[in-house]
Amino acid sequence: MSHAASEQTRITVRPLGAALGAEVRGIDMRAPLDAAAFQAVHDAWMTHLVLVFPEQHITDAEHVAFTRNFGEPEIFHQDIIKSARVREIFRVSNVDEDGKLMARSNPTMQQISLAEFWHTDSSYRPNPCMGSLLHGIEVSRTGGETHFTNMYAVYEALPDTLRRQVEGRRAKHDFGHLHTLRDLRPLTEAERAAMPPVWQPMVRTHPVTGRKSLYISPIYNDAIEGMAPAEAKQLIADLAEFAGEPRFVYPHRWETDDVVMWDNRCTMHQVTPYDPMERRVMHRTTIVGEGPVMAA
Ligand code: OGA
Ligand code: MN
């Protein structure tokens with residue numbers, strides 16, 4: 001039996017909140033995405049920034065294949081967290097690949113727990129990622145909501161005192177900054193050389209929508225151009241606090257087999273704390289960005 005393209009999918013997009021986020025139904029990620037469906041999803045993504053696709057009973061391979069509709073999957077640069085089975089999969093999980101719960105003190109757990117702070121993914125790369133798709137395989141009920149914030153809206157609402165400090169400035173994004181935030185070992189010389197710090201504009205222009213947004217990633221930011229270290233640290237903290245105001249945020253409460261797809265160019269996210277003894281298994285793919293960040 002074959003389906004005509006017109007009857008294959010009836011895609012519906014339902015906004016989830018005032019700030020950002022929409023639920024998309026009528027997509028089966030196991031099937032190829034035709035051009036019209038791709039366009040509908042992409043348009044919804046550009047409008048709503050975060051898309052929730054419920055009831056996606058996908059394998060990792062299907063997750064990766066769906067991701068390829070949008071671009072090349074990014075491969076994580078460390079061996080931890082990255083799946084040993086499917087290299088494009090980044091495992092946001094407190095359960096190892098043999099199904100065993102990891103101790104909170106495990107370095108992998110420490111690193112994953114940094115997602116409890118606002119950030120945008122892979123901003124420490126010269127070419128940061130475009131977006132991420134996170135699949136809830138075992139979801140948490142003790143917390144573990146993922147909160148997303150609309151950085152276009154944050155930029156537009158910035159008070160003058162903050163706006164003046166970010167216009168025309170660059171912030172340093174350093175993967176090696178992570179270890180200062182929790183009990184992690186510092187990177188080795190070789191690891192530092194493999195991912196040297198980069199300077200990114202603090203206000204960027206989105207390559208598709210042309211809209212301006214604030215671009216920071218507080219877990220990686222340890223310096224701002226032309227600012228003393230203490231002043232830079234305070235500004236990042238103030239910006240993160242402002243960006244986290246509820247009026248800018250969509251909080252996602254996970255159901256099993258939700259896939260949430262977000263645009264890392266104009267959002268940040270963080271996960272709410274959860275009981276580390278409760279299994280939480282989330283698999284992520286990441287889409288390589290189209291090029292260096294465009295300053296606004
Ligand atoms: C991520 C991330 C948050 C979460 O996958 O990039 O930050 O809810 N995850 O697990
Ligand atoms: Mn993240």
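One-based numbering, in listed order, for ligands and for the atoms of each. One is the number of the first residue; the rest follow in order along the sequence. Every value quoted in this text rests on a predicted model; they were computed, and no experiment measured them.
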Item to complete: For the residue pair Tyr220 and His119, categorise the inter-ring angle as parallel (less than 30°), tilted (30 to 60°) or perpendicular (more than 60°).
Response: perpendicular
Discussion item. Among the N/O/S atoms of Asp121, which is closest to the Mn ion (ligand 2)? Give the atom name.
Written reply: OD1
Can you list the atoms of ligand 1 that are under 4.0 Å from a heavy atom of [X]?
X: Thr146; answer: 4 (C), 8 (O)
X: Val92; answer: 5 (O), 10 (O)
X: Asp121; answer: 6 (O)
X: His119; answer: 7 (O)

With the threshold set at 4.0 Å, does a side-chain nitrogen-carboxylate oxygen contact exist between [X] and [Y]?
X: Glu191; Y: Arg185; value: yes
X: Glu156; Y: Arg211; value: yes
X: Glu88; Y: Arg284; value: no

Worksheet item: Which option out of Glu145, His283, Arg280 puts a heavy atom nearest to atom 10 (O) of ligand 1?
Response: Arg280
Practice prompt. Would you indicate whether the side-chain heavy atoms of His206 and Asp263 approach each other to under 4.5 Å?
Written response: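 They are in side-chain contact.
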Practice prompt. May I ask whether Met282 has any heavy atom positioned less than 4.0 angstrom from an atom of ligand 1?
Written response: no
Worksheet item: For Trp118, is the nearest heavy atom under 4.0 Å from an atom of ligand 1?
Response: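 Trp118: no contact with ligand 1 (<4.0 Å).
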Item to complete: State whether the shortest distance between N or O atoms of His269 and N or O atoms of ligand 1 falls below 3.5 angstrom.
Response: yes
Worksheet item: Of all the non-hydrogen atoms in the protein, which one sits nearest to atom 3 (C) of ligand 1, and at what distance?
Response: Val271 CB, 3.9 Å
Fill in: Closest approach of any protein heavy atom to atom 6 (O) of ligand 1, naming residue and atom
Arg284 NH1, 2.6 Å
Item to complete: Give a yes/no verdict on a cation-pi contact between Arg163 and Tyr155, requiring under 6.0 Å between NZ or CZ and the six-membered ring centre and an angle within 45° of the axis.
Response: yes
Worksheet item: Is it true that the NZ or CZ of Arg280 lies under 6.0 Å from the centre of Tyr274's six-membered ring and within 45 degrees of the ring axis?
Response: yes
Practice prompt. Report the angle formed at the Mn ion (ligand 2) by atom NE2 of His269 and atom NE2 of His119, rounding to the nearest 10°.
Written response: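 The NE2/NE2 angle about the Mn ion (ligand 2) sits at 90°.
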Discussion item. Going by side-chain hydrogen bond (donor to acceptor under 3.5 Å, both in side chains), Ser132 matches just one of Asp121, Thr67, Thr120. Which one?
Written reply: Asp121
